[in-house]
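A short worksheet on the structure shown next.
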Amino acid sequence: MTTLQTSAILQSSMYSAAPSLLKKGKVMAILDIPKPRTRNIPLPNLQELELGRDFITSLNTTFAEKQAKTNSLVIAKLYTILEAVADRVEMHKNIGEQRKNWNSLLLTSINGITLAAATMSGIASTTAAVVGAPVVALKMSSTLLFLAATGMLLIMNKMQPSQLGEEQRNATRLFQQLLQQIETSINIGNPTDRDVNEAMQKVLALDKAYPLPLLGVMLEKFPSNVEAAVWWPHQHGSGQATSADYNGWNAKLEKEMRSIVEVLKKKDEEEYLRLGRKALKLNKTLAISGPFLTGLAAIGSAVVGSSSYFGLLAAIFGVVGGGLASVVNTLEHGGQTGMVFEMYRSNAGFFKLMEESIESNLMDRQENGELFEMKVALQLGRSLSNLRDLASSTPSRKVQDINEFGSKLF
């Protein structure tokens, strides 16, 4: 009751005081401000914050450990490939020395046998009038030696040990180059699975290009069509490069590289393939002539002393055929025409590899443009300015009209 009376008195006093307030130009507002209500919002305590931070830290640690484990696995794979490549370098080096010795030893042995047989045939022809065991022994010995020389020449000409030695020298050099590339990938750091796959493909491509066994997988020594040697996996660009992804490339550099590809394809590679065809033709001629002459000498030595006319022809075939066979054998294997053919074939393959590498980089720009230009210049034995001069002169003339080759090294 007292409360009601008090509120009534306050209201009456306020209404009575209102006119005086209005007269003074004052406005009085009575606001009913509600009291704030506190809600029960759960706040994390210190222990929960520590647990969250520990969880995030553990996630980062787990990711770092996983990344480190992946990198260590990649490096372990690269080291495994590195050991296999180092072993192949040693194997090809040893077998190359062995096949080089084959060439020199077989050449000396066959020439010695051929000349000894020719000498026996000549002695038998001069003493043909004397009938007896010594003449027959000389004739038989000469014939057997000529036949042995013919068989050895057939095997030697089929194998071409000088060409085999050149193959192993190339394989040793290329495996050594791959060894250095893998070591560089490891030393630079952060290798990926892509590096592992590329290294594996290069090893298998080299194994296929330069096989160690002779039976079954030996390279054809007298191919019907001369092609550039291929010892690398096929290179193809991803084609994912965009106009914004320059990586040191520009329109001028791309035009320059395309001009270089045209010069290498039309001049250098074609020239070495032409020389390879000539070397193959010469080698094939000598490989046929040697056994033919020793076989003819064997027939001549077998009929020495049969009659005056045939005896003279037989003596000529036996002596002259044996001498010419030694000359032909020396030209073929002493001159290492098989090695020359393999060298030309490998040189053509080198330029083909450069062409594929340039075309691949033009598609995806995987390597930095400036660095790649320097790499091409060094491989061709040119300075950067000299390389640009060659590229700038190519569009104004036909490639066939350019007398200068792309490479200055060989």
Side-chain angles (χ1 to χ4, degrees), residues 95-125 138-169 214-215 218-226 275-304 310 312-346:
I95 292 179
E97 290 292 330
Q98 180 192 56
R99 291 173 179 177
K100 178 182 176 182
N101 292 335
W102 282 2
N103 186 64
S104 59
L105 292 175
L106 286 173
L107 172 62
T108 304
S109 301
I110 294 175
N111 279 348
I113 292 172
T114 305
L115 292 176
T119 303
M120 290 181 182
S121 179
I123 295 173
S125 64
L138 286 173
K139 290 170 56 177
M140 291 183 60
S141 299
S142 177
T143 302
L144 290 176
L145 288 176
F146 275 130
L147 291 176
T150 303
M152 294 173 67
L153 266 178
L154 288 173
I155 297 174
M156 189 177 183
N157 292 345
K158 176 68 176 177
M159 291 171 47
Q160 292 292 318
S162 65
Q163 186 172 343
L164 289 174
E166 179 66 14
E167 291 173 7
Q168 303 312 310
R169 284 190 291 271
L214 293 178
L215 300 177
M218 183 178 69
L219 297 180
E220 179 63 38
K221 298 300 181 287
F222 301 99
S224 57
N225 186 26
V226 178
L275 293 174
R277 286 189 285 268
K278 287 187 175 181
L280 177 62
K281 185 176 181 181
L282 175 62
N283 191 31
K284 188 181 294 186
T285 303
L286 295 175
I288 295 173
S289 301
F292 174 77
L293 289 172
T294 53
L296 192 63
I299 297 173
S301 63
V303 296
V304 165
F310 289 104
L312 179 60
L313 289 178
I316 292 174
F317 288 158
V319 177
V320 177
L324 288 177
S326 298
V327 172
V328 169
N329 190 32
T330 302
L331 287 175
E332 180 184 6
H333 299 289
Q336 302 188 63
T337 53
M339 181 274 292
V340 173
F341 165 69
E342 181 63 27
M343 181 184 67
Y344 288 149
R345 200 172 68 94
S346 298

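All values reported here derive from a predicted model rather than from experimental measurement. One is the number of the first residue; the rest follow in order along the sequence.
- Between atom CG of residue Asn157 and atom CG of residue Asn283 there is a gap of 7.5 Å, rounded to the nearest 0.5 Å.
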Item checked: Stepwise side chain to side chain contact (heavy atoms under 4.5 Å, CB included) check, Met156 with Leu107 -> CA-CA 9 Å; Met156 189 177 183; Leu107 172 62; 4.3 Å; yes

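- The line from CD of Gln163 to CG of Leu280 is 8.5 Å long, rounded to the nearest 0.5 Å.
- For Ser142 (side chain) and Leu138 (main-chain N/O), no donor-acceptor pair under 3.5 Å exists by modelled atom type.
- Ser301 OG to Met140 CE: the interatomic distance, rounded to the nearest 0.5 Å, is 11.0 Å.
- Heavy-atom minimum distance, Gly335 versus Val340: O-CG2, 4.3 Å.
- Taking each heavy atom of Ala314 and Val303 in turn, the nearest pair found is CB-CG2, 3.3 Å.
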Item checked: Full working for side chain to side chain contact (heavy atoms under 4.5 Å, CB included) between Met339 and Arg169 -> CA-CA 10 Å; Met339 181 274 292; Arg169 284 190 291 271; 3.7 Å; yes

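- Taken from CG in Leu293 to CZ in Phe317, the straight-line distance is 10.5 Å, to the nearest 0.5 Å.
- For the pair Thr337 (side chain) and Glu332 (backbone), a donor-acceptor distance under 3.5 Å is present.
- Gly322 and Ala297 make their closest contact through N-CB, 3.8 Å (heavy atoms, listed as atom of the first residue, atom of the second, distance).
- No donor-acceptor pair closer than 3.5 Å links the side chain of Ser121 to the backbone N or O of Ala117.
- Counting only heavy atoms from C-beta outward, the side chains of His333 and Gln160 approach each other to under 4.5 Å.
- Contact check for Ile288 versus Lys284: side-chain heavy atoms found under the 4.5 Å cut-off.
- Under the 3.5 Å distance criterion, the side-chain polar atoms of Lys139 are matched with a main-chain donor or acceptor of Val304.
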Side chains of residues 145-153: which donor-acceptor partners sit under 3.5 Å, not counting sequence neighbours?
{"from": "Thr150", "atom 1": "OG1", "to": "Phe146", "atom 2": "O", "distance (Å)": "2.8"}
{"from": "Thr150", "atom 1": "OG1", "to": "Thr294", "atom 2": "OG1", "distance (Å)": "2.7"}
{"from": "Thr150", "atom 1": "OG1", "to": "Gly295", "atom 2": "N", "distance (Å)": "3.4"}

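- The shortest non-hydrogen separation linking Gly276 to Phe341 is O-CD1, 3.3 Å.
- Taking 4.5 Å as the limit, every side-chain heavy atom of Met159 sits out of range of all side-chain heavy atoms of Leu106.
- Within the 3.5 Å criterion, the main-chain N or O of Asn101 finds a donor-acceptor partner in the side chain of Ser104.
- Residues Gln168 and Glu97 have side chains that never bring a donor and an acceptor to within less than 3.5 angstrom of each other.
- Residue Thr114 comes nearest to Ala325 through the heavy atom pair CG2-CB, 4.1 Å, listed as atom of the first residue, atom of the second, then distance.
- Taking NZ of Lys158 as the start and CD1 of Ile155 as the end, the distance is 11.5 Å to the nearest 0.5 Å.
- Rounded to the nearest 0.5 angstrom, Asn225 CG and Glu220 CD are separated by 12.0 Å.
- Of the charged side-chain nitrogens involved, at least one lies within less than 4.0 Å of a carboxylate oxygen, so that Lys221 and Glu167 count as a salt-bridged pair.
- Here the closest heavy-atom approach between residue Val328 and residue Ser289 is recorded as CG1-CB, 4.1 Å.
- Atom CZ of Phe222 is surrounded by more than 12 heavy atoms from other residues, nucleotides or ligands within 6.0 Å.
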